[in-house]
Q: 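There's a structure below that I have some questions on.
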Amino acid sequence: GESVGLHLPTLSVQEGDNSIINCAYSNSASDYFIWYKQESGKGPQFIIDIRSNMDKRQGQRVTVLLNKTVKHLSLQIAATQPGDSAVYFCAEIPFVGGASKIIFGSGTRLSIRP
Amino acid sequence: NAGVTQTPKFQVLKTGQSMTLQCAQDMNHEYMSWYRQDPGMGLRLIHYSVGAGITDQGEVPNGYNVSRSTTEDFPLRLLSAAPSQTSVYFCASRERPGTGREQYFGPGTRLTVT
């Protein structure tokens, strides 16, 4: 069935370094891939998305890379800051169902060392 | 705009009790969804709605009912609470399908069933 998973459940990064969070997906028939950030006690917040016909998309301090050959998605955060501490989820919107569903992965917790 | 609001923030139920989790949005969004989030896991879709009067099941619909009589409101009903329904529940809304960019989440309801 459809599933979106993550390689690592936790990631510890030195403040100022770059962070890379990885995600593997199994459904080839997806239109959009999305990264969400969830801070403690809050709902998920949209960070960046990428359409399936793209390989790379950049935002402010974040870059998402999509490798459809190996079904891999990554989120790169440049110059990681304490405010980046959160759980990060990848998610996908499959074509099936009229693009009305968003399927989430299990999340990676990012912690920042001072 | 208040965005997506959820009530209550916390709730404790006894096994077998019923209750309704409230969700409202003031952004005139057509699409609304309910998710549950268990410890160490991603969000799983319970039910969703693509417009007033239209609802459909997600990944884990058993034990939950929804209705969508207005664009603004999307309540989630637990018919007979079970300990397995202990979770954090998030409501979300978005204007249209196809992207995750415009999906907004509420602050969540933490439910404990004893």
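In the text below, chain A, chain B and the rest are named by the order of the sequence lines, each starting its count at 1. Values below: every heavy atom of this structure, side chains too, minus hydrogens, waters and symmetry copies.
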Q: Show the numbers, then the answer: is there a side-chain contact (heavy atoms from CB on, under 4.5 Å) between Q37(B) and F104(A)?
A: CA-CA 10 Å; Q37(B) 185 175 33; F104(A) 285 79; over 6 Å; no
Q: Test side-chain contact (heavy atoms from CB on, under 4.5 Å) on Q38(A) and F90(B) and set out the steps.
A: CA-CA 12 Å; Q38(A) 185 177 24; F90(B) 289 99; 3.3 Å; yes
Q: Report whether F105(B) and I93(A) are members of the same hydrophobic cluster (ILVMFWY, side-chain heavy atoms less than 4.5 Å apart, transitive linking).
A: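 They do share one cluster, since a chain of ILVMFWY contacts under 4.5 Å joins F105(B) to I93(A).
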Q: Which residues, numbered in order, of residues 56-66 of chain B come under 4.5 angstrom of chain A by heavy-atom distance?
A: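 Expected list: Q57(B).
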Q: Report, as yes or no, whether the 6.0 Å neighbourhood of atom CD on Q45(A) holds more than 12 heavy atoms from other residues, nucleotides or ligands.
A: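 Counting neighbours around CD of Q45(A), 12 or fewer heavy atoms of other residues, nucleotides or ligands fall under 6.0 Å, so no.
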Q: If contact means a heavy atom pair closer than 4.5 Å, which residues of residues 106-114 of chain B contact chain A?
A: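 When heavy atoms of chain A are the reference, residues 106-114 of chain B contributes G106(B), P107(B) within the under-4.5 Å range.
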Q: Can you get from Y35(B) to M19(B) by hopping between Ile, Leu, Val, Met, Phe, Trp and Tyr side chains that sit under 4.5 Å apart?
A: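 No: no chain of side-chain contacts under 4.5 Å links Y35(B) to M19(B).
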Q: Between Y104(B) and F46(A) (judged by ring centroids, cut-off 6.0 Å), do the two rings come close enough to count as a pair?
A: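 Between Y104(B) and F46(A), the centre distance exceeds or equals 6.0 Å.
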Q: Could you walk me through whether I102(A) and R94(B) pass the side-chain contact (heavy atoms from CB on, under 4.5 Å) test, one step at a time?
A: CA-CA 11 Å; I102(A) 299 179; R94(B) 56 186 165 133; 3.9 Å; yes
Q: When you group the ILVMFWY residues by side-chain heavy-atom contacts below 4.5 Å and let the links chain together, are V13(A) and V62(A) in the same group?
A: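 Yes.
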Q: Quick check: is I46(B) connected to L79(B) through a chain of hydrophobic side chains (ILVMFWY, heavy atoms under 4.5 Å apart)?
A: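 Not linked; separate clusters.
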Q: What part of Q6(B) gets within 4.5 angstrom of chain A, counting heavy atoms only: side chain, backbone, both, or neither?
A: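 Looking at Q6(B), nothing touches chain A.
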Q: When hydrophobic residues are tied together by side-chain contacts of less than 4.5 Å, even through go-betweens, does L75(A) share a cluster with Y25(A)?
A: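 Per the 4.5 Å side-chain linkage, L75(A) and Y25(A) are co-clustered.
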